[in-house]
Amino acid sequence: MIFKACDIKGCLNSVYFCTKEQKTMTQYGHIILRTAAVTGFIAVTLLLACSCKGGTAAGGKKTDKAADKAETERFWPYFDGTYPMVMTDNKSRMEYFSSHSWDDFNFSDTLSLSRDTFNVLSGFAGFVQSMNMIGDPETAQDIMRSLMSRAKESKTMLDWIVWQAREVLADPNSPVRDSELFMPVVQAQLESGFYGYADSLRLRYTLDLLMQNRPGQRANDFVYTLKSGNWSRLYDIKSQYTLLFFSNPGCPMCRQVRENLLRSALINGMVSDGSLTVLVMYPDPELDEWNAHLHEIPTEWTNAYDSDTAIRRRRLYDVNAIPSLYLLDRSKTVLLKDVTDVTLVEQALQKQ
């Protein structure tokens, strides 16, 4: 089990996470395992649940719609488990499931809201994974906007949905953290009129940070300093691609991401031929710990720190959750934002 993030001072040691050197299963560990099971079940359901009522699946075998519905309701009780007849491919069925996941939920009923943290959050994580499986970020955002529009039925309802979204999409430790999907959540809060001046200021601050360095935008430039004391800028890097790796010395998850990068033949080959620069960036000025871990960074990578703390001070990047990877092209346009899965980096590079 690989957890998502460390805070800037090291691995969070809380009810959600692990101690620095352990792989102890905790709340988010359980949730992501359940989410993986949910995601796998969704995929199986899409293959088995033929849209025609009482019809046959692709192989001619009859499906049990009642059983499919009962199984679906085990992890998502607001969807009846059936799909329109015209939907025969998995992508359209996944989009339909995501779009209709909340059809049978009563947004006016605030008295029966569940506070069963594990099941509620793991269910919401499965809902998020279903949107990710569509493979279309704009469609996923539209689905989230639709949900948040319905959630504004009352402040109590909105707060309940926001609580789930914040834990799954915005918590630094969440394995399925996603700033793009969290933006509609914050926007809905601001548009609702339910929150006072101080809360609105905090929400605007959060939204402003989420809007930085989005895929398709040019990344914010910054100055970085090397061990020698020499400095340069992100935009001075001339390679075809730049992999910006926000890292914290001694962070177990940072070490795991580093090892995954070093195991990638694609990434190593591109570093060797000069088409990819890996910039390992420590966004704090305290250097004792950074110096102690210098030997851990490959000499082929650029290892640097923010001597002026501009990244934090000017809110150039959200570095509350580390490790974090940004993939940029030659013009410093963002291809991937805030990921830790090296496979996603490889896939993005292969698509270019």
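When every heavy atom of Cys254 is checked against every heavy atom of Phe245, the shortest pair comes out as O-CZ, 3.7 Å. Closest approach of Ser98 to Phe127, counting heavy atoms only: O-CE1, 3.5 Å. Nearest heavy atoms, Met281 versus Pro283: O-CD, 3.6 Å.
Of the possible polar contacts, none joining the Thr242 side chain to the Leu244 backbone as a donor-acceptor pair under 3.5 Å is found. Tyr305 contributes no side-chain N or O that, together with a main-chain N or O of Thr309, makes up a donor-acceptor pair within less than 3.5 Å. Side chain of Lys332 to backbone of Arg330: a donor-acceptor contact under 3.5 angstrom is found. Remark: side-chain polar atoms of Asp273 are paired, donor with acceptor, to backbone N or O of Ser275 under 3.5 angstrom. Distance alone, capped at 3.5 Å, is enough to place a donor-acceptor pair between the Asn106 side chain and the Ser108 backbone. Although no hydrogens or angles enter the test, the distance criterion places no donor-acceptor pair under 3.5 Å between the side chain of Asn213 and the main chain of Arg218. At distances below 3.5 Å, not a single donor-acceptor pair connects side-chain atoms of Gln141 with backbone N or O atoms of Glu138.
At a threshold of 4.5 Å between side-chain heavy atoms, the hydrophobic network of Ile, Leu, Val, Met, Phe, Trp and Tyr places Leu113 and Val168 in one connected group. Val223 is not connected to Val280 by any chain of hydrophobic side-chain contacts under 4.5 Å among Ile, Leu, Val, Met, Phe, Trp and Tyr, and they are in different clusters. Leu266 and Leu335 fall within the same hydrophobic cluster, defined by Ile, Leu, Val, Met, Phe, Trp and Tyr side-chain heavy atoms under 4.5 Å apart, directly or through other members. Taken together through direct or relayed side-chain contacts under 4.5 Å among Ile, Leu, Val, Met, Phe, Trp and Tyr, Leu226 and Leu279 form part of one hydrophobic cluster.
Residues Glu296 and Arg255 are not paired through a salt bridge, judged by the lack of any N-O separation under 4.0 Å between the basic side chain and the carboxylate. A salt bridge does not link Asp306 to Arg312: none of the charged nitrogens lies less than 4.0 Å from a carboxylate oxygen. Checked for salt-bridge contact, Arg177 and Asp338 meet the test: a charged N lies under 4.0 Å from a carboxylate O.
One side chain, Asn260 or Gln256, offers a donor N or O that lies under 3.5 Å from an acceptor on the other. In this model, a donor atom of one side chain and an acceptor atom of the other lie less than 3.5 Å apart for Asp89 and Ser92. Inspection of the Ser174 and Asp171 side chains reveals no N or O donor paired with an N or O acceptor under 3.5 Å.
At a threshold of 4.5 Å between non-hydrogen side-chain atoms, the residues Leu243 and Leu261 count as touching. Leu181 places a side-chain heavy atom less than 4.5 Å from the side chain of Asn132. Between Gln240 and Asp329 there is no side-chain heavy-atom pair separated by less than 4.5 Å. Leu262 has its side chain within reach of Pro298: a pair of non-hydrogen atoms, C-beta onward, lies under 4.5 Å apart. Side-chain contact between Pro84 and Tyr96 is present, with heavy atoms from C-beta onward closer than 4.5 Å. Side chains of Trp290 and Asp284 form no contact here, defined as non-hydrogen atoms less than 4.5 Å apart. For the pair Val342/Ile267, a side-chain contact is recorded, criterion being any heavy-atom separation below 4.5 Å from C-beta on. Annotation: side chain of Leu169 is not in contact with side chain of Val176 (no heavy-atom distance under 4.5 Å).
Checked against Trp160 for a ring pair (Phe, Tyr, Trp, His ring centres under 6.0 Å), the options Phe124, Phe105, Phe107 give a single hit: Phe105.
To the nearest 0.5 Å, atoms CG (Asn320) and CZ (Phe246) are separated by 11.5 Å. In this structure, Glu300 CD and Leu276 CG are separated by 12.0 Å, a value rounded to the nearest 0.5 Å. Here the straight-line distance linking atom CG of Asp142 with atom CD of Glu95 works out to 9.0 Å at 0.5 Å rounding. Atom CZ of Arg150 is separated from atom CG of Leu158 by 14.0 Å, given to the nearest 0.5 angstrom. Rounded to the nearest 0.5 angstrom, Ser99 OG and Leu147 CG are separated by 11.0 Å. A distance of 11.5 Å separates OG1 in Thr225 from CG in Asn303, rounded to the nearest 0.5 Å.
Applying the ring-ring contact (aromatic ring centres under 6.0 Å, His included) test to Tyr241 and every residue at least two apart in sequence or in another chain returns nothing.
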Donor-acceptor pairs under 3.5 angstrom involving side-chain atoms of residues 343-351: please list them, not counting sequence neighbours.
{"residue": "Thr343", "atom": "OG1", "partner": "Asp341", "partner atom": "OD1", "Å": "3.4"}
{"residue": "Glu346", "atom": "OE2", "partner": "Ser264", "partner atom": "OG", "Å": "2.6"}

Which atom pairs, one a donor and one an acceptor, fall under 3.5 Å between side chains of residues 197-210 and the rest of the protein, sequence neighbours left out?
{"residue": "Ser200", "atom": "OG", "partner": "Gly196", "partner atom": "O", "Å": "2.9"}
{"residue": "Thr206", "atom": "OG1", "partner": "Arg202", "partner atom": "O", "Å": "3.1"}
{"residue": "Asp208", "atom": "OD2", "partner": "Arg315", "partner atom": "NH1", "Å": "3.4"}

For this session: Start with the C-alpha gap between Phe222 and Tyr317, add the side-chain angles, then the distance that decides, and say whether ring-ring contact (aromatic ring centres under 6.0 Å, His included) holds.
Result: CA-CA 10 Å; Phe222 57 84; Tyr317 291 80; 5.7 Å; yes

Problem set entry | Full working for side chain to side chain donor-acceptor pair (under 3.5 Å) between Asn220 and Gln212 | CA-CA 8 Å; Asn220 290 330; Gln212 303 298 315; 3.0 Å; yes

